**Student:** 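Provided herewith is a single structure, encoded as structure tokens, for subsequent inquiry.
This one's a predicted model, so the numbers in the text were calculated from it and none came from an experiment.
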There are 2 protein chains.
Amino acid sequence: MAILTWAAMEKEPRVRGEQTQKLREALEEDIASGRLRPGRRLDEVSLAERFGVSRTPVRETLIQLAASGLVEIRPRRGAFVVLLGPRELMESFELMAEVEASCARLAAQRMGPSDRAALHEAHGACRAAVGAGDEAAYYAANARFHGAIYAGTGNRMLCAEAQRLQRSLQPYRRLQLRVPRRMEASFAEHEGVLEALVAGDGATAAERLRAHVVVQGERFMALLAVLQDETDAVAQAGYQAG
Amino acid sequence: MAILTWAAMEKEPRVRGEQTQKLREALEEDIASGRLRPGRRLDEVSLAERFGVSRTPVRETLIQLAASGLVEIRPRRGAFVVLLGPRELMESFELMAEVEASCARLAAQRMGPSDRAALHEAHGACRAAVGAGDEAAYYAANARFHGAIYAGTGNRMLCAEAQRLQRSLQPYRRLQLRVPRRMEASFAEHEGVLEALVAGDGATAAERLRAHVVVQGERFMALLAVLQDETDAVAQAGYQAG
DNA sequence: AAACCTATTATTGCATACATGATTATTGAC
DNA sequence: GTCAATAATCATGTATGCAATAATAGGTTT
């Protein structure tokens, strides 16, 4: 007793939660969707009132979010939605590119029929979104496309890591909507990745997916000035969530 | 106001802590050193008494450790030192291999003189440890060797991720001491990695470091039966820490 | 004797209360 | 009028108390 066998470990959330679970999902959604923008302070009492709970589960949720990289907690200062600086953004995109390249290499060797089906489905949805010019649909389908590659590795640890990184960069991807012909370029790159994946060419798939993410990062960094302006504007407006 | 500028974000711990900081370090050390073995249950009141604090900071620390992958929290059941099963161990080693390979590739291109000096220093310490047959010294020097490669990437996000993974696998590395001629083999592999790194050959360095980690993982998986026996014994003995 | 059901115990999850440090506002001086 | 120092306010960090659930022990039944 007092021992947990690994056989019993077949459930994902390594983290406690009853109330906390809901709080975490709600805040993650708020951050990803942009309702809570990077840099926004997260007041414990306000969040507690908003969700109708005490400060305790709020604090525990904030700690979880801090550990997953979405929130930053400064001792005695409070919690803030993580605001990545230029350097940290570049580093995060590079890390993302490396992880995704690894996923592509492994997925090319290991994807099963259902993985391939999911990948093609997501790719088709991307194509449809490009045709319709539907940014929101492309955004969702793009996430499925990348997620299918993660899952195709068969490595749940790697998959979880890739998803965590994707979530932490999600608040910034919104700004990519401003890049002209973004969807078309992204879709074309996806096609190259898909081709290499279905051919089982791991090296090529990895290189193409790495380049895809790196290029996205470079496009994004070009918009950094705009980002700065926006957060400044947010600061001045004293943005309120909910 | 209510906005955190990224200029102010030049401090590492994204996590709160006064008491919590000490608790986290102490528990990390206990887990890494093997005083708290994988599968061990972590009772909140016992920990609170042991550290002379209330349950609150203990809970917050456990949540942090859960998020970093060292502890697993099962709702209403308590916290346990993560006990990775065979599949999870394989996946973790693979993830580690991928991340380290990325580090090697980037470090080969970017390492500065101080990074190279640190790498050579660690390698020299490894050589000395092999000569002296000092397992503990090799263990420490090996960690410095890998850490120097992480740092050599100049990417703090990647570096932090690699270190987090290393910590989460640390409880299991102890068992590698049983592999015969482990130090000699490891050191020989290090030498190949170092050679490629100083030559600036990122592709070769990445491949060699990946192989190094993968081989370590394979050696390790061969000991899994022993691991299982040991944890079973621990379970029966009702291992007490401290 | 073994298995199942029940009652007790113990531990987690959450709420509330208090203390300390940070932030802000006010007041005074230059 | 601006800057600085001090006091008041507020938020965080920690402790404690209560409720609900899971683990456990005991008794009963087959």
**Student:** Just to confirm, is there a sub-4.0 Å distance from OP1 or OP2 of D/dA11 to any side-chain nitrogen or oxygen of A/S46?
**Tutor:** no
**Student:** Ignoring backbone atoms, establish whether B/R41 has a side-chain N or O less than 4.0 Å from OP1 or OP2 of C/dT12.
**Tutor:**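 Yes, within the criterion.
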**Student:** I'd like to check the salt bridge (Lys or Arg N to Asp or Glu O under 4.0 Å) partners of A/E49; sequence neighbours left out, ordered by chain and number.
**Tutor:** none
**Student:** Within this structure, what is the CZ-to-C1' distance between B/R74 and C/dT11, rounded to whole angstrom?
**Tutor:** 15 Å
**Student:** Within the 3.5 Å criterion, strictly below it, is a donor on A/S92 or A/Y172 matched to an acceptor on the partner's side chain?
**Tutor:**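 Note: A/S92 and A/Y172 side chains miss the donor-acceptor criterion.
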**Student:** Any heavy-atom pair between the side chains of B/R55 and B/V45 that's under 4.5 Å?
**Tutor:**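 They are in side-chain contact.
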**Student:** Whole Å only: how far is the CZ atom of A/R77 from the P atom of D/dT12?
**Tutor:**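 Value for this atom pair: 12 Å.
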**Student:** Round to the nearest Å and state the distance from B/F80 atom CZ to C/dT12 atom C1'.
**Tutor:** 11 Å
**Student:** Checking A/D30 side chain against A/R35 main chain: does a donor-acceptor pair fall under 3.5 Å?
**Tutor:**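 Here the side-chain-to-backbone pair does not exist.
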**Student:** If the condition is salt bridge (Lys or Arg N to Asp or Glu O under 4.0 Å), which residues does B/R164 pass it with, not counting sequence neighbours?
**Tutor:** A/E161, B/E161
**Student:** Verify side-chain contact (heavy atoms from CB on, under 4.5 Å) between B/D115 and B/I149, making sure each step is shown before the conclusion.
**Tutor:** CA-CA 8 Å; B/D115 295 317; B/I149 298 175; over 6 Å; no
**Student:** Could you state the atom-to-atom distance from CG of B/D43 to P of D/dA23 in whole Å?
**Tutor:** 14 Å
**Student:** For A/E44 and D/dC10, give me the distance from atom CD to atom C1', rounded to whole Å.
**Tutor:** 12 Å
**Student:** Tell me: CD1 of A/I63 to C1' of D/dT12, nearest whole Å?
**Tutor:** 11 Å
**Student:** Take atom CZ of B/R24 and atom P of D/dT14, then tell me their distance rounded to the nearest Å.
**Tutor:**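 Taking atom P of D/dT14 as the reference, CZ of B/R24 is at 13 Å.
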**Student:** If you define the side chain from C-beta out and look only at heavy atoms, does anything of A/V71 sit under 4.5 Å from A/I31?
**Tutor:**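 Sidechains of A/I31 and A/V71: in contact.
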**Student:** Which whole-number value in Å describes the distance from A/L62 CG to D/dA11 P?
**Tutor:** 15 Å
**Student:** The side chain of B/V53 is closest to which nucleotide in this list: D/dT14, C/dC14, D/dA15?
**Tutor:**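 Closest nucleotide to the B/V53 side chain: D/dA15.
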**Student:** Show each protein N/O and nucleotides 16-19 of chain D N/O combination with a separation under 3.5 Å, one pair to a line.
**Tutor:**
from, atom 1, to, atom 2, distance (Å)
D/dT16, O4, B/T56, OG1, 3.4

